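Input: a single structure, listed below in structure tokens.
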Amino acid sequence: MDQIDLLQGLNEQQIAAITAPPTATLVIAGPGSGKTAVLTRRVAYLVGQLGVPPYQIMAVTFTNKAAREMQERIQRLLGQQINGLTIGTFHAICARILRREAAHVGISPSFTIYDTEDQLSLVRMALAELGLDEERSAPRRFLSAISNAKNELITPEAYPRGNFNDRQVAQVYERYQALLSAAKALDFDDLLLYCVALFRDHAAIRRDYQARYAHILVDEFQDTNTAQYELVRLLAGAQGNPFCVGDPDQSIYRFRGADYRNLARFRSDYPHAKLILLEQNYRSHQIILDAAMAIIDKNPDRVRKRLYSTRRDGAKIVLKQLSDDDDEAQYVVWTIREAVQQRRYAYRDCAVMFRTNAQSRVLEETFVRAGVPYKLIGGAPFYSRREIKDLLAYLRAIQNPSDDVSLRRIINTPPRGIGKTTLAKLEEWALARNQSLSDALGALRSGQPSPFSGKALGALESLAAMLDVWRNLRDSMPIGVLLGDVLDQTDYLKYINDGTPEGRERLENVQELLRVAEAQGDKPLALYLEEIALLSDVDTQDDSGDHVVLLTLHAAKGLEFPVVFIVGLEEGLLPHAQSLEDEEQLAEERRLMYVGLTRAKDQLYLTWTLRRVGYGGGLGERTLASRFLEDIPPELTVGSPVPKRSASAAFTARSSDDRALPPRPAWRLPTTSQPAAPRPELPPRSANISTSSLYRSGQRVYHDRLGPGVIIASRFVDGDEELDIRFEKHGLKRLFASIAPLRMLDDE
DNA sequence: AAATTTCCTCTTTTT
DNA sequence: GAGGAAATTT
Ligand SMILES: Nc1ncnc2c1ncn2[C@@H]1O[C@H](COP(=O)(O)OP(=O)(O)OP(=O)(O)O)[C@@H](O)[C@H]1O
């Protein structure tokens, strides 16, 4: 096979980056400028032109899928198979290193990787042990505090204890780590943390790895957190030549500790680093780029970048205001179908992006009804289904007898007569014997005196017997056979297939899992479990097949599509309600919008609605167009005018909005199931609700007893308006507008 | 003592 | 529209 000329068709700066001499190098460039392309070609260049052995190269990508694509791309560029490259996400690479070096950091080489759900259940246990379980939302809050600390490399001992809250977190953090360690498990953050500790505390090992990985390349560097940054520095060494590419305007993972200032930090840690800027955009035409620039330029404290494309002309951005989320979904589906019928695009050229996963539901329903093929990325991925997690918990419990979280999950699933009391007793007994639940279970079988009644004892013993058999078979049996045996012995299929349609679906999911497991052949169980644990949402997406792609804005990072829809451009959604308070978070919402816009090659559609159905159903809340829409120069757009937020805030009657829409929009899909009346109209107005639309989310109010607060949400229940209000002193309350003694406060 | 049902809160983004 | 906790039934 012939090698493609690596530098053909590239611009000067791109070539400079690809062929940069081996010193620390930082490529900062806007979207679509070929950052990923450059990084990929540099790897190919190192191997193909400079003769660097592949095993000396580590390339870090943001997802496993990106890693796979990079590997393939490099092989295509070089015209041959290349073995030995280390390409993967930080987490995957760290997991691999830790399996090998476990002993040096005091962990088991067969550690289990805990996901967020497992983490939460550990936090719950920790809280219960410490007697801190009063609040319902506490576990999540503690977990996020703990995770933030870990991302900053702060150990439980080093956690600040300045105030009561800190001291509580520190306590829980400490217990949480102890529970993890007892379960021989690591959470996602630990993968990074232990790797950093490994290299920081063991000079000899560090030198070995530094010598091996002469070339370290990192994509999406703006979304690294402190632990990841530290890892790069430790692995590269002070004299090393890390090659990092990123765009500070595309940093969108602050919530999990990412900090785009790592780009600046890199420059100060490597003062001699070569800085390369790529200026030309090869993805989008100028209209899209002008809009994107207009959005991002409003962010404070940034270096302005010009985005330049040789494609000066292109379709204007289509803005579309819809009456509600149903209409929005129908508009999207109709528009895509039109484009495909007219042969302008294939389904796979189109992507629909949204801020929150919850928004995908309405879209999915509409795609199904219209018979338009689609693939949803993320959301409720296969591996997070209940039935799948149950079975994986069996496998994990077989693999790792210390894994108490998994054992608790399966101990009475399917129900086998082991209830709360028995579980509590078992826990107490195990604790007294200083054993894991599984080990205690095993001890039970050998006739140890125990506190259990005959019935409970029988149930426990039979589970213990099964686990014993499986553990003995583990290494001699392919995963598929093992899983088949678990299904047989536990009668799991009968348990989930209850005759309902949901039951059938669960059954199919399990059968699918069995097929996947059987396809693993003789792969060690531990490895299979690790792969599953580190799967990301985009990873499960295969690009073959012709379907529209539905995905969150976060998942869209790094991707590109000819046609992009961004839906739900409303205040409270984008920017998200949770981000409105904080300047930094608001800036990140803006970057999210920017990332979305710059995914489009040819055509952008931006939609928003006047009313969106909220959580509990009902008629939904009124919504306002996103502030970001106002920042796009009108000459770049066609379609609905963007309503001024200040003006629309003065609306009091909702009916006028609804009448403004054509009674039967041209783009409404004919539906067989619900022909004439497409969706419930608003209830007839009566006197007692004429004042109701005074309240909208964001409005500040004063309650005679509860004091000042802010409206979070409003919906209609039995003709009255029900308000969710967050009071400064009393937290979230749900009140009826008609009876609550409320006054509105002026904004600003 | 276990199983089932009802209640109730919470709902951003994810390796 | 889930998932955990409490209440209720078996
Ligand atoms: N010199 C070039 N000539 C033609 N096409 C190019 C050139 N460089 C990059 N491209 C194309 O531009 C597109 C964007 O490239 P790439 O995804 O590498 O950009 P990026 O900077 O990583 O983008 P983002 O930051 O948005 O992820 C790709 O389709 C790529 O093939």
Side-chain angles (χ1 to χ4, degrees), chain A residues 60-67 88-95 113-117 119-121 124 128 133-141 144 147 150-151 186-192 220 223-225 227-228 251-258 353-359 361 377-381 384-386 389 412-425 452-453 455-456 459 532-539 551-557 568 572-580 585 588-589 591-592 595-596 613-617 712-713 724 731-734:
Chain A
V60 185
T61 58
F62 205 71
T63 62
N64 296 295
K65 179 166 178 250
T89 61
F90 275 111
H91 290 91
I93 292 174
C94 285
I113 298 172
Y114 272 5
D115 66 14
T116 313
E117 223 182 296
Q119 289 180 282
L120 271 175
S121 81
R124 275 193 201 99
D133 54 342
E134 22 18 314
E135 249 191 283
R136 198 185 153 70
S137 60
R140 288 174 168 285
R141 282 211 332 273
S144 108
S147 179
K150 289 178 138 186
N151 286 325
L186 304 192
D187 64 21
F188 288 123
D189 305 321
D190 281 338
L191 295 173
L192 307 171
E220 308 280 9
D223 272 324
T224 51
N225 62 32
Q228 292 165 337
S251 173
I252 53 175
Y253 281 91
R254 205 178 95 98
F255 69 91
R256 70 179 207 215
M353 303 178 185
F354 35 82
R355 178 64 176 83
T356 68
N357 285 306
Q359 290 170 258
R361 184 162 282 121
I377 296 184
S384 64
R385 305 273 166 90
R386 233 255 266 351
K389 295 205 78 164
N412 200 33
T413 310
R416 51 170 71 88
I418 303 173
K420 263 215 305 262
T421 322
T422 307
L423 179 58
K425 263 194 210 161
F452 299 103
S453 69
K455 210 169 109 208
I532 291 172
L534 295 177
L535 271 188
S536 74
D537 284 347
V538 261
D539 293 338
L551 75 181
T552 63
L553 288 162
H554 283 88
K557 177 159 101 149
L573 224 38
L574 187 70
H576 195 273
Q578 307 270 92
S579 304
L580 293 176
Q585 291 198 57
E588 179 142 317
E589 297 289 312
R591 292 195 290 270
L592 212 38
V595 167
V613 176
Y615 307 121
I712 299 301
D724 289 345
L732 193 63
K733 293 269 187 282
R734 183 165 289 177

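Chain identifiers are assigned alphabetically (A, B, ...) following the order of the sequence lines, protein sequences preceding nucleic acid strands; residue numbering begins at 1 within each chain. None of these values were measured; they are calculated from a predicted model.
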Next item on the list: Indicate whether A:His576 forms a stack on B:dT12; treat it as stacked only if centroid distance is below 5.5 angstrom and interplanar angle below 30 degrees.
Entry: yes

Notebook entry, point to check: Rounding to the closest angstrom, what is the interatomic distance between C:dG4 and B:dT13 at atom C1'?
Noted result: 23 Å

Notebook entry, point to check: Reckon A:Asn357 has a side-chain N or O less than 4.0 Å from the OP1 or OP2 of B:dT13?
Noted result: yes

Notebook entry, point to check: Base, sugar-phosphate, or nothing for A:Tyr253, non-hydrogen atoms under 4.0 angstrom?
Noted result: sugar-phosphate

Note to self: If the condition is side-chain contact (heavy atoms from CB on, under 4.5 Å), which residues does A:Gln228 pass it with, not counting sequence neighbours?
What the structure shows: A:Phe90, A:His91, A:Leu192, A:Thr224, A:Asn225

Notebook entry, point to check: Taking only residues two or more places apart in sequence or in another chain, which ones pass side-chain hydrogen bond (donor to acceptor under 3.5 Å, both in side chains) with A:Gln359?
Noted result: A:Thr356

Margin query: Between P on B:dT15 and NZ on A:Lys65, what's the gap in Å once rounded to a whole number?
Written below: 13 Å

Next item on the list: Can you tell me the distance, in whole Å, between the CD atom of A:Gln585 and the P atom of B:dT13?
Entry: 14 Å

Item checked: Atom pair CG/CE of A:Leu592 and A:Met353 - distance to nearest 0.5 Å -> 10.5 Å

Item checked: Rounded distance (Å) that lies between atom P of B:dT14 and atom CG of A:Leu551 -> 10 Å

Note to self: Considering every strand and a 4.0 Å limit on heavy-atom distances, what is the contact class for A:Glu117: base, sugar-phosphate, or nothing?
What the structure shows: nothing

Checklist line | Rounded interatomic separation in angstrom, taking CD from A:Gln119 and P from B:dT14 | finding: 15 Å

Notebook entry, point to check: ring pair (Phe, Tyr, Trp, His ring centres under 6.0 Å) with A:Phe255: which residues, sequence neighbours excluded?
Noted result: A:Tyr253, A:His554

Margin query: Closest approach to the side chain of A:Arg361, judged atom by atom: which nucleotide of C:dG1, B:dT15, B:dT13 is it?
Written below: C:dG1

Item checked: Inter-residue atom distance A:Glu117.CD - A:Arg386.CZ, 0.5 Å rounding -> 9.5 Å

Notebook entry, point to check: Taking the nucleotide of DNA chain B with the closest heavy atom to each, which residue, A:Lys425 or A:Thr89, is nearer the 5' end?
Noted result: A:Lys425

Next item on the list: Applying side-chain contact (heavy atoms from CB on, under 4.5 Å), name anything that partners A:Ile418, two or more places apart in sequence or on another chain.
Entry: A:Ile411, A:Asn412, A:Arg416, A:Thr422, A:Ala459, A:Leu460

Next item on the list: Report the distance from atom CG of A:Leu592 to atom P of B:dT12, rounded to the nearest whole Å.
Entry: 14 Å

Check: Which nucleotide in the set C:dG4, B:dT12, C:dG1 lies at the smallest distance from any side-chain heavy atom of A:Arg124?
Finding: C:dG4

Margin query: Please compare A:His91 and A:Ser579 by the position of their nearest nucleotide in DNA chain B and report the one closer to 5'.
Written below: A:Ser579

Margin query: Expressed as a whole number of angstroms, how long is the span from A:Lys557:NZ to B:dT15:P?
Written below: 11 Å

Next item on the list: Figure out the CG/C1' separation between A:Leu120 and B:dC10, and round it to whole Å.
Entry: 13 Å

Note to self: Nearest whole Å is fine: how far is B:dT13 C1' from A:Asp223 CG?
What the structure shows: 11 Å

Between the protein and nucleotides 2-5 of chain B, list every N/O to N/O distance that falls short of 3.5 Å.
from, atom 1, to, atom 2, distance (Å)
B:dA2, OP1, A:Gly419, N, 3.1
B:dA2, OP1, A:Thr422, OG1, 2.4
B:dA2, OP2, A:Thr421, N, 3.4
B:dA2, OP2, A:Thr421, OG1, 3.3
B:dA3, OP1, A:Gly417, N, 3.2
B:dA3, OP2, A:Asn412, ND2, 3.0

Check: A:Lys425: what forms a salt bridge (Lys or Arg N to Asp or Glu O under 4.0 Å) with it, not counting sequence neighbours?
Finding: none

